[in-house]
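Just below is one structure, and these are the notes that go with it.
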Amino acid sequence: MAESVKIVRTVRDLRKVTAKWRKAGKTVALVPTMGALHAGHISLVRLAKKKADKAVVSIFVNPTQFAPHEDLARYPRDEAGDLEKLAKVGADLVWSPSVEEMYPEGTSTRIEAGSAAADLEGAFRPHHFGGVATVCCKLFNQVTPDFAIFGEKDYQQLAVLRQMVRDLDMPLKLVAAPISREKDGLALSSRNAYLTEAERAIAPALYAAVSAVARKVASGTPIEAATSEARAELTAAGFQKIDYIEVRDAETLVMAAGSGKSFRVLAAVWLGKTRLIDNVAV
Ligand code: PAF
């Protein structure tokens, strides 16, 4: 049986561990998560272990990145299951603060996310990236990692955080990991647990649609035509609402234009009460 993984819940205890590591010349990689860990998260921990001497996983369901009408209260939580998985993969430390430890009374400073947050998710979830950037800034200051590992599933999040690290001269390197998918193409997400059996059967059509747009755009179909065909396909598959399906510059996320650049197809759709996002490279 795997040994249990060490967990700390206060900044003070966290610093005691990381200070020892630093003194011993160890490098540190952080995997920020909101828990309810799946195989995608575990692959990020494996990457963290390759990148640095010590792998820290944070588990914190961050209230500041949810709007009042969003799913904070029902967001899946499974600390015992998470700790078991993290022990098995060999994480060195779990950083799991309470909301009061992360945001002590009187906390009022916030990061304002940069231009990469302006639309797509930002248009539908206007406070989301400010909350993500603020908690990641705090996590980076608390853990002081050499590397922070993020999945490409939240592609815009990665762009926003890259911009923050660059703009604010944060002394760490962000590492992007490819999306982990089910056999039928559905991107792994803690929110997949919300899907009913019927919705789960429809869900892979999102990956099929973004992949079709990528193929069509790569072979010369105008973006507008490729995305409107995808909208029709998604609606026919049973998605009730399409927040967006867009082709953007892969780095800046501005509208895709010109040649010789990398593009990314990004989409957000609704299946019943569940909002799914996905993206692929063109
Ligand atoms: O991607 C997530 O799980 C969250 O947005 C993050 C980066 C852990 C910040 O709360």
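When a ligand or atom number is given, it counts from 1 through the structure's own listing order.
- For atom 1 (O) of ligand 1, the closest non-hydrogen atom on the protein side is Gln157 NE2, 2.9 Å.
- Classification of the Phe124-Tyr244 ring pair by plane angle, with boundaries at 30° and 60°, yields tilted.
- Regarding atom 10 (O) of ligand 1, its nearest protein heavy-atom neighbour is Gln65 OE1, 2.6 Å.
- Any N or O atom pair closer than 3.5 Å counts here, and Thr33 shares no such pair with ligand 1.
- For CD of Glu251, the number of neighbouring non-hydrogen atoms (other residues, nucleotides, ligands) closer than 6.0 Å is 12 at most.
- In this structure, CG in Asp278 is found 9.0 Å from CG in Leu266, a value given to the nearest 0.5 Å.
- Relative orientation of the Phe150 and Phe140 rings is perpendicular, given thresholds of 30° and 60° on the angle between their planes.
- The environment of Glu84 atom CD is sparse: at most 12 non-hydrogen atoms of other residues, nucleotides or ligands sit within 6.0 angstrom.
- Less than 4.0 angstrom separates some heavy atom of Val135 from each of these atoms of ligand 1: 9 (C), 10 (O).
- Ligand 1 has no nitrogen or oxygen under 3.5 angstrom from a nitrogen or oxygen of Asn62.
- In His127, the NE2 atom is not crowded: 12 or fewer heavy atoms of neighbouring residues, nucleotides or ligands sit closer than 6.0 Å.
- Residue-ligand proximity, Pro32 to ligand 1, at heavy-atom distances under 4.0 Å covers atoms 8 (C).
- For atom 3 (O) of ligand 1, the choice among Lys153, Met34, His41, His128 with the nearest heavy atom turns out to be Met34.
- Close contacts between ligand 1 and Phe150 involve ligand atoms 7 (C) [criterion: under 4.0 Å to a heavy atom].
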